[in-house]
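Here is the naming used below: chain letters follow the sequence lines, and residue numbers restart at 1 for every chain.
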Amino acid sequence: MGSSTINVTLKVWRQKNAETKGEFETYPINNVSTDMSFLEALDTVNEQLLQQGKEPIAFDHDCREGICGMCGAMVDGIAHGPDKAVTLCQTHMRSFHNGDTIVVEPWRAKAFPIIKDLVTDRSAFDKIIASGGYVSVSTGGVPDANAILIPKKDADLAMDAAACIGCGACVASCPNASAMLFVSAKISHLSHLPQGQVERKERAKRMIQTMDDLGFGNCSNHRECEAVCPKEIKLENIATMNREFASSLF
Amino acid sequence: MIDAKIPSGPIAEKWSTHKFESKLVNPANRRKFTVIVVGTGLAGSSASATLAEMGYKVKTFCFQDSPRRAHSIAAQGGINAAKNYRNDGDSVYRLFYDTIKGGDYRAREANVHRLAEVSVNIIDQCVAQGVPFAREYGGMLDNRSFGGAQVSRTFYARGQTGQQLLLGAYSALERQIGAGTIEMHPRTEMLDLVVVNGKARGIITRNLVTGKIERHVADAVLLATGGYGNAFFLSTNAKGCNVTASWRAHKKGAWMANPCFTQIHPTCIPVHGDIQSKLTLMSEGLRNDGRVWVPKAIGDKRKPNDIPESERDYYLERRYPSFGNLVPRDVASRAAKAVCDEGRGVGESGLAVYLDFADAIKRLGKEKIAEKYGNLFDMYRQIAGENPYEVPMRIFPAVHYTMGGLWVDYNLMSTVPGLFVLGEANFSDHGANRLGASALMQGLADGYFVIPYTLGGYIGGTVFDAVTTDHPAFAEAEANVRSMTDKLLSIKGKRTVDSFHKELGKILWNNCGMARNKQGLTESLQRIPELRAEFWENVIVTGSGDELNQTLEKAGRVADFLEFAEVMVNDALTREESCGGHFREEHQTEENEAKRDDENFSHVAMWEYNGPDKKETLHKEQLVFENVKLTQRSYK
Ligand SMILES: Cc1cc2nc3c(=O)[nH]c(=O)nc-3n(C[C@H](O)[C@H](O)[C@H](O)COP(=O)(O)OP(=O)(O)OC[C@H]3O[C@@H](n4cnc5c(N)ncnc54)[C@H](O)[C@@H]3O)c2cc1C
Ligand code: FES
């Protein structure tokens, strides 16, 4: 285990609401166990703030196991912090050093307006899914599950793409605030499966249209999204999506 | 006497008969009825989507920023279904039987049989939606055996089954939102139930971003708000899981059933310190290949790999030769507690046992193990800072699931007409212990295949008064909510919400956790009201009610836990037997197994609210077993 304690300073973006201007506030915390998660470090600061009658830092989180996609912040300029392939809630203080000053900011993207402190509005993602990220089946009257055989390879590829947790790190890290990785993951998940074939063209067209309408930027191949994705969603999905989109035009 | 509305006839025909006999609502009429669904986990999303597809007007609520983030997303291991694709002797009847037995004979036969029947449809539905379940090379669906089952009936999507099932239900939900048939309210918390002339007719909510308190009217209200495991503060549940919706409905007349039935899961990452905010589950699937052990000697502080084979006690294999590492959760958890109580626990705190993969890696190779459990091993490494491919995992039991919940009849309707309860929030199918991979099954069964029929039966058979949000019952409920919010904001005390919550959690864990006894429970009944009184005098809630205020949200939830905990403890105290997850130390066999008292406790305990700080009234639903013979569970 080798747990030890460190002293760090958190420099955190505080913003009362969408209308007011925000600014950084600095919070030193001492004797932080390196086994503590990053969100537990924020909890610690918040407990101290509350004791002083001050408002705690607002941040989104729920599962704290890296699966719900609710947490997320820029830590020293990197979405979800320094560790590769993990969410902020799974980042632990052992990834930092004694004496570090750690800068914490919300996702910044036109399509994700700030609500308060580190909390942003990511409902644009839901709107994209509502515009086509599904197979149009209603409950009941479907065939037996084994009536459709799916090669393991295809099921695995679909699963790789379906693992996206919708956290928005891809958008936050992209200089263009593009949602291509998110959208392509859904398109590619369904296009690898027979169930997704019927609506594939329509789906790509509608989801991409919605994405553009909501103010997400374009992809210009910076690859930042892939680098920060906590679920290691691959850039190839964007190529798949582009193919689907191109074919939808014919 | 309470009527559970169990249909007559042989067990295998009850559901079909009931569906046939239930009233129908003409498709053209459905759009005249509004249904409120609170919760977007497996139960809430599947119900919302299905009802909207059928033509009802649906309004759906969740407190997360997106319906896709409900706690169901975190389920790892899998979902059961009696498909018998393996030809290994599974059947609807066997799944029914295993569930009744696994629940230690404290569940209702008719509900459980229906659950087993519709389990097969769930898998079909999910596959049609594009859920990428694991496949074999021939393209067929893969299965694993899970949580004490002797057949392979568990379907899975890597270690992310809950995520994939929820994303399937969420996509169906979003499709209806896109079609305009569901009005979705994320970041909105239900804070009261509105009852008009004895029927559930709406809810009061708080918009968590603006703080706006709102009224919503409907013809029926469905709660799919999940379990209350977070009463213990530390649990495997997501941080937001709470009892608020259920508790406030309870105060409006919905009886609470078997609140003391909590599942303590044997394989979680141990607690590391005081600031710990939650516990992480290591899926039970790991017990298929991992072997559980502790040193034979008390206080053996050697590193695990330095302890020779002959000095290890594989205590589950020793005590339960036929089930070994796969005994049900309650049995495995208690066995872990027992070896730690003896002083043979491992790790810094001595509150952990080893889960060792060395043999499995030798047998199957590291690659195969990585393919099966890679994401779990990564998660373990990230949290514990150790490599489980090289050293055994350290695990310890943690609060995981609540079998208790709001009482419902066969139609999933609570004691308040028009209020239905689905998923983990109800008490119905798992008795005193839930089998692995059965919660996902129940959530989706309730939402996709049960409620569409039983809600129709209710709506079709009811004459509705015209009610609007101007009705005095709405004004009264809204005033309640406002006064509670104002009160919390006005206290400006000295202790944080979390510190109260942690203290409550400790009381419950120590006295109403893996083992319970009269003395501890009685003391808790003293301590909880004191803590609650202190909370209402000394809690700190900063900020205002007109903005995003996470402290205020938490305070409301902890206030409810502080009331609910008393009923939970009372229930544990009055159930003078041991069964499933409820282990009363006074009632055990010579071999330290749970000793049921079928003569006196073969019932569902139902608690009725009588007003603030008043003792609740206990009612009983007698359980009738016509198909399964009650025996002492044995996993030897
Ligand atoms: C770590 C973990 C792993 C698990 N693994 C498995 C597994 O492998 N197999 C299995 O079968 N089961 C598993 N379970 C259990 C299973 O995941 C849950 O029992 C199940 O998902 C509960 O689903 P639900 O729909 O009832 O509720 P939830 O998914 O908990 O959803 C509750 C919903 O209610 C909403 N809500 C709650 N209160 C309010 C309110 N007051 N106002 C508005 N909205 C509200 C929430 O926003 C959320 O949308 C696991 C559980 C955990 C903790
Ligand atoms: S809190 Fe769920 S992913 Fe981080």
Side-chain angles (χ1 to χ4, degrees), chain A residues 1 17 33 35-36 39-40 43-44 47 50-51 53-56 58 60-70 86 90 92 94 115-116 119 122-123 125-126 129-131 133-139 142-146 148-152 155 158-159 162-163 166 189-190 193 195-196, chain B residues 49-50 53 64-66 68-69 71 73-74 85 123-125 127-130 132-141 157-158 160 163-164 167 171-172 174-175 177-178 186 209 238-240 272-273 275-278 280 348 379 382-383 385-386 448 452 496 498 540 542-543 547-548 550-551:
Chain A
M1 281 222 298
N17 52 42
S33 158
D35 280 342
M36 210 189 251
L39 297 189
E40 286 166 351
D43 290 343
T44 309
E47 286 290 292
L50 282 163
Q51 291 290 355
K54 293 188 187 145
E55 273 219 55
D60 266 333
H61 65 101
D62 199 20
C63 73
R64 297 202 176 193
E65 333 200 311
I67 191 73
C68 73
M70 188 109 178
V86 292
Q90 290 291 286
H92 282 68
R94 66 180 82 91
I115 295 176
K116 183 177 186 173
V119 178
R122 291 166 290 188
S123 52
F125 270 7
D126 294 317
I129 299 294
S131 73
Y134 46 74
V135 175
S136 295
V137 288
S138 297
T139 303
V142 299
D144 183 87
N146 258 345
I148 320 164
L149 297 184
I150 302 175
K152 184 173 185 316
M159 181 63 209
H189 155 210
L190 293 173
L193 297 172
Q195 300 91 313
Chain B
T50 306
E53 286 158 12
Q64 291 91 349
D65 69 329
S66 162
R68 68 181 284 156
R69 307 204 203 282
H71 166 60
I73 200 94
Y85 282 161
I123 305 302
D124 300 342
Q125 189 64 38
V127 166
Q129 289 167 346
F133 282 119
R135 301 260 163 186
E136 300 175 324
Y137 284 100
M140 308 265 250
L141 288 158
R158 294 203 187 133
Q160 294 117 284
Q163 180 199 26
Q164 294 309 315
L167 292 182
S171 70
E174 287 295 338
R175 175 173 160 241
I177 295 171
V209 177
K239 290 293 286 175
H272 63 66
I275 31 71
Q276 179 125 17
S277 58
K278 78 156 291 194
T280 303
E348 269 171 37
M379 195 176 357
Q382 190 65 28
I383 294 170
E386 284 179 346
Y448 284 135
T496 62
D498 273 3
I540 315 173
T542 50
E547 58 181 338
L548 177 70
Q550 295 174 327
T551 313

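- One N or O on the side chain of A/R94 and one on the backbone of B/Q382 form a donor-acceptor pair closer than 3.5 Å.
- In this structure, chain B has heavy atoms under 4.5 Å from both the backbone and the side chain of A/I150.
- Contact of B/Q550 with chain A is made through the side chain alone, with heavy-atom distances under 4.5 Å.
- Here A/R122 is the residue among A/Q51, A/K54, A/R122 with the most heavy-atom pairs under 4.5 Å with chain B.
- What you find for A/A145 and B/D124 is that their closest heavy atoms are N-OD1, 2.8 Å.
- With values rounded to the nearest 0.5 angstrom, B/I177 atom CD1 is found 12.0 Å from A/S131 atom OG.
- In this structure, the portion of A/L193 lying under 4.5 Å from any heavy atom of chain B is its side chain and not its backbone.
- Within the 3.5 Å criterion, the main-chain N or O of A/C63 finds a donor-acceptor partner in the side chain of B/K278.
- Considering only heavy atoms from C-beta on, B/I275 stays 4.5 Å or farther from A/D43 through its side chain.
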Q. After noting the C-alpha distance and the side-chain angles of B/S277 and A/R64, does the key distance pass the side chain to side chain donor-acceptor pair (under 3.5 Å) rule?
A. CA-CA 9 Å; B/S277 58; A/R64 297 202 176 193; 2.8 Å; yes
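- Contact of A/L39 with chain B is not made at all, since no heavy-atom distance falls under 4.5 Å.
- Here the closest heavy-atom approach between residue A/Q195 and residue B/G130 is recorded as NE2-CA, 4.1 Å.
- Of the listed residues (B/D498, B/I73, B/V209), the one with the most heavy-atom contacts under 4.5 Å to chain A is B/I73.
- Between atom NE2 of residue A/H92 and atom CD1 of residue B/I383 there is a gap of 5.5 Å, rounded to the nearest 0.5 Å.
- Here the CD atom belonging to A/Q90 is positioned 6.0 Å from the OG1 atom belonging to B/T280, to the nearest 0.5 angstrom.
- The only option from B/R69, B/K239, B/Q64 that meets the side chain to side chain donor-acceptor pair (under 3.5 Å) definition with A/D62 turns out to be B/Q64.
- Rounding to the nearest 0.5 angstrom, the gap separating the CG atom in B/L141 from the CG atom in A/N146 is 4.5 Å.
- Contacts of B/Y85 with chain A are made by side-chain atoms alone, with heavy-atom separations under 4.5 Å and no backbone atom involved.
- For the options B/E136, B/M140, B/R158, heavy-atom pairs under 4.5 Å to chain A are most numerous at B/R158.
- Interface residue B/Q125: backbone and side-chain heavy atoms are both found under 4.5 Å from chain A.
- Atom-to-atom distance recorded for B/E174:CD and A/D126:CG is 4.5 Å, nearest 0.5 angstrom.
- Contact count against chain A (heavy-atom pairs under 4.5 Å) is highest for B/V127 among B/V127, B/I123, B/L167.
- Contact detail for B/R135 and A/A155: the closest heavy-atom pair is CG-CB, 3.4 Å.
- In this structure, A/H189 contributes its side chain and B/P132 its backbone to no donor-acceptor pair below 3.5 Å.
- Between B/A128 and A/V135 the shortest heavy-atom distance is O-CG1, 3.5 Å.
- Counting heavy-atom pairs closer than 4.5 Å to chain A, the top residue among B/Q163, B/H272, B/Q276 is B/Q163.
- When each of B/I540, B/T496, B/T551 is checked for a side chain to side chain contact (heavy atoms under 4.5 Å, CB included) with A/P56, only B/T551 meets the rule.
- The OG atom of B/S66 sits 9.0 Å away from atom CD1 of A/I129, with the distance rounded to the nearest 0.5 Å.
- For B/Q160 against A/A163, the heavy-atom pair with the smallest separation is NE2-CB, 4.0 Å.
- Looking only at distances, no side-chain donor or acceptor of B/Q129 sits under 3.5 Å from a matching main-chain atom of A/Y134.
- Closest non-hydrogen pair, B/R175 versus A/V137, comes out as NH1-O, 3.0 Å.
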